Amino acid sequence: MTRPGGAGCATTAAADARIPAAHPFVAHRRRAAAAEAAAPQPLWTPENGPLPSLYISHGAPPLLEDVAWMRELHGWARSMPKPKAILIVSAHWESAPLSISSTQPGTELVYDFGGFAPLYYRMRYDTPEATELAQQVVGVLPDTETVHEHRSRGLDHGAWVPLKVMYPDADVPVLQLSIPTHDSTRLLELGRRLRPLREQGVLVVGSGFMTHGLPFVDWHHPDRVPGWSADFDAWAADALARGDVDELAGFRTRAPGMPYAHPTVEHFTPLFVTLGAATVAEAPVTTTVDGYFIGLAKRSFQAA
């Protein structure tokens, strides 16, 4: 879905200026600016060592209305040095052979959602040119791996919605990498190939949702947490705390709550890219966000 119109919204800041003043994201922008003014976020340097790899439960546009969730994501971003670039794998781009989004600034976002307020189709997230990041990505992959750049494809909502909260100034180069498979072994290997990027100041992110059984959400009682969601989340939290990658890889048959927690698997499998990119895939992770949104587990974590 492309952006309908957009006259007068030539930049991220100009588009943000058109958001109604009472919208929670406007207040978030003010808080983020005040935090930066009070204590500028240091830029990553080699002395900082490798950045962690992240798994983010990303949310659709209503994430930009959730004050507590935005505080958690932004605080998480500021707890790390500011990355030189971000490479993100989103649940919403399944494509083989391996592909990257456009490296050019100003490429239209992908508005791959429906039924939300018109203002979300006018939002922008114009990040800097990412040609250098593309070269870094190609450089860590085997020569036999073909990487196709989709010159007209910008970031989809699994990338730009959480990043707009975490880095609202849109001043970090970002590329999106497609999910070429849902085989956990192959995704762990892909993450392992991407691991050296962390030593170059690149933040490697898998973006999904810890449970994503949208067809089974009780929309009449959105605050209730279904048993299938709570059970799957508790199982995943335990496996992650123990670094049990084999258990996680067997989620289709071993996890309680299946298949309701993931009737399709694309919101869980980015987790394997995150773990593969970690220094030790089997090491316990650090949970940074937990709880639920419309009954879905929004567990997010970082791996060292």
Side-chain angles (χ1 to χ4, degrees), residues 22-25 27-28 31 54-76 90-92 111-120 156-166 182 205-242 244 247-272 274 284-302:
H23 193 281
F25 183 72
H28 175 73
R31 286 193 299 271
L54 313 185
Y55 173 80
I56 296 175
S57 291
H58 61 250
L63 170 58
L64 302 174
E65 303 170 12
D66 191 317
V67 174
W69 201 354
M70 288 192 290
R71 283 184 185 273
E72 288 176 313
L73 286 178
H74 187 251
W76 187 9
S90 160
H92 300 282
Y111 299 87
D112 51 339
F113 46 78
F116 297 109
L119 71 92
Y120 293 118
D156 64 42
H157 84 268
W160 69 262
V161 170
L163 293 181
K164 192 171 177 68
V165 172
M166 297 174 77
H182 292 299
V205 182
S207 178
F209 221 114
M210 188 56 71
T211 60
H212 200 253
L214 285 176
F216 310 110
V217 169
D218 183 353
W219 297 102
H220 297 292
H221 303 95
D223 293 334
R224 293 182 183 174
V225 178
W228 50 261
S229 185
D231 291 347
F232 185 98
D233 182 50
W235 168 86
D238 175 69
L240 288 165
R242 292 185 290 106
D244 194 339
E247 178 74 3
L248 293 164
F251 73 98
R252 291 174 178 85
T253 57
R254 297 183 189 177
M258 288 295 287
Y260 302 99
H262 289 284
T264 57
V265 302
E266 74 282 348
H267 279 77
F268 187 70
T269 54
L271 171 149
F272 295 107
T274 299
V285 305
T286 301
T287 295
T288 54
V289 178
D290 58 12
Y292 299 87
F293 176 75
I294 59 170
L296 304 178
K298 59 182 184 179
R299 183 174 302 278
S300 305
F301 63 83
Q302 68 181 49

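Owing to the predicted nature of the structure, the values given are computational and were not obtained by experimental measurement.
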Under 3.5 Å, side-chain donor or acceptor atoms of residues 63-72 against the rest of the protein: list the pairs with distances, not counting sequence neighbours.
{"from": "Glu65", "atom 1": "OE2", "to": "Tyr120", "atom 2": "OH", "distance (Å)": "2.4"}
{"from": "Asp66", "atom 1": "OD1", "to": "Ala68", "atom 2": "N", "distance (Å)": "3.3"}
{"from": "Asp66", "atom 1": "OD1", "to": "Trp69", "atom 2": "N", "distance (Å)": "3.0"}

Just jot down the side chain to side chain donor-acceptor pair (under 3.5 Å) partners of [X], sequence neighbours excluded, or say none.
X: Ser300; answer: none
X: Thr264; answer: Glu266
X: His262; answer: none

For residues [X] and [Y], report the shortest heavy-atom separation together with the two atoms involved.
X: Trp228; Y: Leu296; answer: CH2-CD2, 3.9 Å
X: Ala91; Y: Gly208; answer: CB-CA, 4.3 Å
X: Ser207; Y: Gly158; answer: OG-O, 2.6 Å
X: Phe116; Y: Pro61; answer: CE1-CD, 3.9 Å
X: Gly295; Y: Ser229; answer: O-OG, 2.7 Å
X: Leu54; Y: Thr274; answer: O-OG1, 2.7 Å

Name all residues meeting the side-chain contact (heavy atoms from CB on, under 4.5 Å) criterion together with [X]; count only those two or more places apart in sequence or in a different chain, and write none if there are none.
X: Ala230; result: Val225, Tyr292
X: Ala241; result: none
X: Pro259; result: none

Review point. If you look only at pairs with a residue in residues 250-264, which of them pass as a salt bridge (charged side-chain N to carboxylate O under 4.0 Å, His left out), with sequence neighbours excluded?
Key: Glu247-Arg254
Partner set under ring pair (Phe, Tyr, Trp, His ring centres under 6.0 Å) for [X], not counting sequence neighbours:
X: His212; value: His267
X: His28; value: Phe25, His74
X: Trp235; value: Phe232

Practice item. Test Arg299 against every option in Asp290, Thr288, Asp233 by the side chain to side chain donor-acceptor pair (under 3.5 Å) rule and name the one that passes. Key: Asp233
Review point. Between Phe251 and Phe268, what is the ring plane arrangement, given parallel below 30°, perpendicular above 60°, and tilted in between?
Key: tilted
Exercise for review: Would you please classify the geometry between the His58 ring and the His157 ring as parallel, tilted or perpendicular, with 30° and 60° separating the classes?
Suggested key: perpendicular
Review point. Does Arg242 have any salt bridge (charged side-chain N to carboxylate O under 4.0 Å, His left out) partners at least two apart in sequence or in another chain, and if so, which?
Key: Asp238, Asp244
To the nearest 0.5 Å, what is the distance between [atom1] on [X] and [atom2] on [Y]?
X: Asp218; Y: Ile294; atom1: CG; atom2: CD1; answer: 11.0 Å
X: Phe301; Y: Ile56; atom1: CZ; atom2: CD1; answer: 10.5 Å
X: Thr211; Y: Lys298; atom1: OG1; atom2: NZ; answer: 11.5 Å

**Study point:** Whether over 12 other heavy atoms sit under 6.0 Å from Tyr260 OH
**Key:** no
Exercise for review: Could you tell me whether a side-chain N or O of Ser57 sits under 3.5 Å from a main-chain N or O of Met210, the two making a donor and an acceptor?
Suggested key: yes
Check your understanding: Side-chain contact, heavy-atom cut-off 4.5 Å: Val289 with Tyr55?
Key -> no
